[in-house]
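Since the structure comes first, as structure tokens, the remarks are kept for the end.
The structure displayed is predicted, hence computed values, not measured ones.
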Amino acid sequence: MAGAAMTTTFLTVIGGASLLAVTARRLRPSDRLPSLEGWALADRGLGAGWTWLLLGGTVYTAYTFTAVPGLAYGNGASAFFAVPYTVIVCPLAFVLLGRLWEVARRHGYITAADFVRGRYGSAPLALVVALTGILATMPYLALQLLGIRAVLTAGGLYPPGAAGDLAMVAVFAGLAVATYRHGLRAPTVIAALKAVAVFVSLTVVCWLVLDRFGGPGAVFDGAARALGGTDPAHSPLVLTPGQQPAYATLALGSALALLMYPHVLTAGFAADGTRTLRKVSAGLPAWTALLALFGFLGIAALAAGVRAPAGGAEAAVPMLVDRLMPGPLAGLVFGSIVVGALVPAAVMSIAAATSFVRNVYVEYVHPTATPKRQVRVAKAVSLTAKLGAVAFVFGLRDQDAINLQLLGGVWILQVFPAVAVGLYTRWLHPRALLAGWAVGMAAGTHLVVREGFSSIVPLVAGSPEIYAGVAALVLNLAVAVSATPVLARLGVPRGPDATDLPSRPRAGRRPPTGANNA
């Protein structure tokens, strides 16, 4: 059982998060009438500091902070793909988010599917973008709960049976209520506590690890021995030539996919301007350094002889913390990781609800819905999404959520041509994009399922393994590019473009003044 000091510190951190959520309404209070933009995007009024906290707290989830070190604990070097992947995200965010924000602000778009609807004038294409986003987000939301449960279990804070389930629901309930009332403002204020708690606690844990082992070299040597590597040239902590294609494509594909997730775009759209987003993008590497240190702790868990349960490598770091740290500090770390799950979970539920309301409910069910009604429906859907995630975690195996999240990453990457490429050119025909999306979804799903729900696959027997999402994206783009001139020759009409963006890039000419910041 957990010590009293650990439990007290843990509850203090969680209680602080709940109190902050209650004060969310004071974060740039709005005098406007209720609107989906106000509830889901905090009236697009977050400055650089708040946006950095929210975007970093949303991108770097609690499950990431347990899964990456868990992968390092079980597989060694391949786990560190997450570091270059999140580094690649920063320049991509610098380039894409500002441009997409400008178009969204000008036309009142709230979701990526709104932009696609306006850019291509195609309701079916917008619908598949919205549904793909929702489909990819739901298992990601469930994984936040799995991260919470792994931490609580490793720390002895998860009683067996129904009592443990009730404890996790209680942790989640406060956030659900705050998000229902205050929308994106609730996870924004909690993100401030997340940043302080995670940065402080991780610094302390790393210091204790280095103090115990005498330096990072001793940590890596001990981990290599634990993984069975005796020859430094063939250490499991060094990538082999055969692993490098998978490592590179996984890092690249994951970076491209991340910026297509609805929760990441929702956090970006809440900024108060493009300059803010550029500042935030330049500051995101601080969160990447945090992730690298978590990966290092997975290596340290190996060196320390931690024995995680079979199939539960994500518990390695919580078990290491429980072994190395006194009760109060361990409670701080566990509370920090749990709070780290609350921020992305809230933003994910808001993003999924907003996509449903804007691109399904208003488009196909109730086109005349008032802003007040849209907010009411979004609140209900957001709450339902959280309840669904809880039911999923309790009703199915953990591996089911992990498998679906792996598929979700492959799926969300297939909207990249419609959204990211569409920011710069409208040359691709919307029906060609639909066909490419369908081929990419089918191919990616087939590859992942064929390999037993592994996202690293060989295209054919004997070929190097690569990330299935990248292979599917290449097929997606090939179909879209090849089908576009065919559809143009057949005279298949396009919808109107309502975004004021240039239809295609023109070398040597500047875009019109009204579009050069879009």
Side-chain angles (χ1 to χ4, degrees), residues 6 60-87 147 150-151 153-155 197-241 243-244 246-247 250-251 285-337 340:
M6 179 195 298
Y60 298 87
T61 69
Y63 194 78
T64 300
F65 289 154
T66 55
V68 169
L71 187 60
Y73 173 86
N75 296 72
S78 59
F80 285 90
F81 85 91
V83 177
Y85 138 48
T86 49
V87 169
V151 170
T153 301
V198 172
F199 275 91
V200 170
S201 61
L202 183 61
T203 300
V204 173
V205 176
C206 288
W207 181 82
L208 288 173
V209 167
L210 294 176
D211 181 66
R212 172 170 175 171
F213 288 94
V219 174
F220 280 92
D221 289 343
R225 288 192 297 270
L227 286 173
T230 56
D231 181 0
H234 298 89
S235 169
L237 300 180
V238 178
L239 288 175
T240 65
Q243 291 176 309
Q244 291 172 8
Y247 186 92
L250 185 57
W287 289 94
T288 299
L290 195 72
L291 182 60
L293 290 177
F294 267 104
F296 170 74
L297 290 182
I299 301 298
L302 277 171
V306 169
R307 294 291 178 264
E314 67 276 1
V317 166
M319 292 175 69
L320 175 69
V321 169
D322 192 41
R323 176 181 296 190
L324 290 181
M325 303 186 75
L329 289 178
L332 172 64
V333 176
F334 294 148
S336 302
I337 298 177

TODO: Could you tell me whether a side-chain N or O of Y247 sits under 3.5 Å from a main-chain N or O of F80, the two making a donor and an acceptor?
DONE: yes
TODO: Would you please test W287 and F199 for side-chain contact (heavy atoms from CB on, under 4.5 Å) and show each step?
DONE: CA-CA 9 Å; W287 289 94; F199 275 91; 4.3 Å; yes
Task: Non-hydrogen atoms of V198 and S336 that approach each other most closely - done: CG2-O, 3.8 Å
TODO: Mind listing the closest non-hydrogen atom pair of A218 and F213 along with its distance?
DONE: CB-O, 3.2 Å
TODO: Looking only at non-hydrogen atoms, find the nearest pair between L320 and A301 and report the distance.
DONE: CD2-N, 4.0 Å
TODO: For residues G298 and V317, report the shortest heavy-atom separation together with the two atoms involved.
DONE: N-CG2, 3.9 Å
- [ ] Side-chain contact test, heavy atoms from C-beta onward, threshold under 4.5 Å: evaluate it for Y73 versus I299 and give yes or no.
- [x] no
Task: Donor-acceptor contact below 3.5 Å, side chain Y60 vs main chain L290 - done: no
Open item on the list: Can you tell me how far apart OG1 (T86) and CG (L291) are? Round to the nearest 0.5 Å.
Closed with: 5.0 Å
Task: 4.5 Å side-chain heavy-atom contact, L297 and C206 - done: yes
Open item on the list: Looking at V333, is its backbone amide N or carbonyl O close enough to the side chain of S201 to form a donor-acceptor pair, meaning the two atoms are under 3.5 Å apart?
Closed with: no
- [ ] Mind listing the closest non-hydrogen atom pair of A251 and P84 along with its distance?
- [x] CB-CG, 4.3 Å
Task: Donor-acceptor pair, side chain of R323 and main chain of A304, under 3.5 angstrom - done: yes
Task: L210 to P216 - nearest heavy-atom pair and separation - done: CD2-N, 3.6 Å
- [ ] Answer yes or no: is there a side-chain heavy-atom contact under 4.5 Å between T288 and Y85?
- [x] no
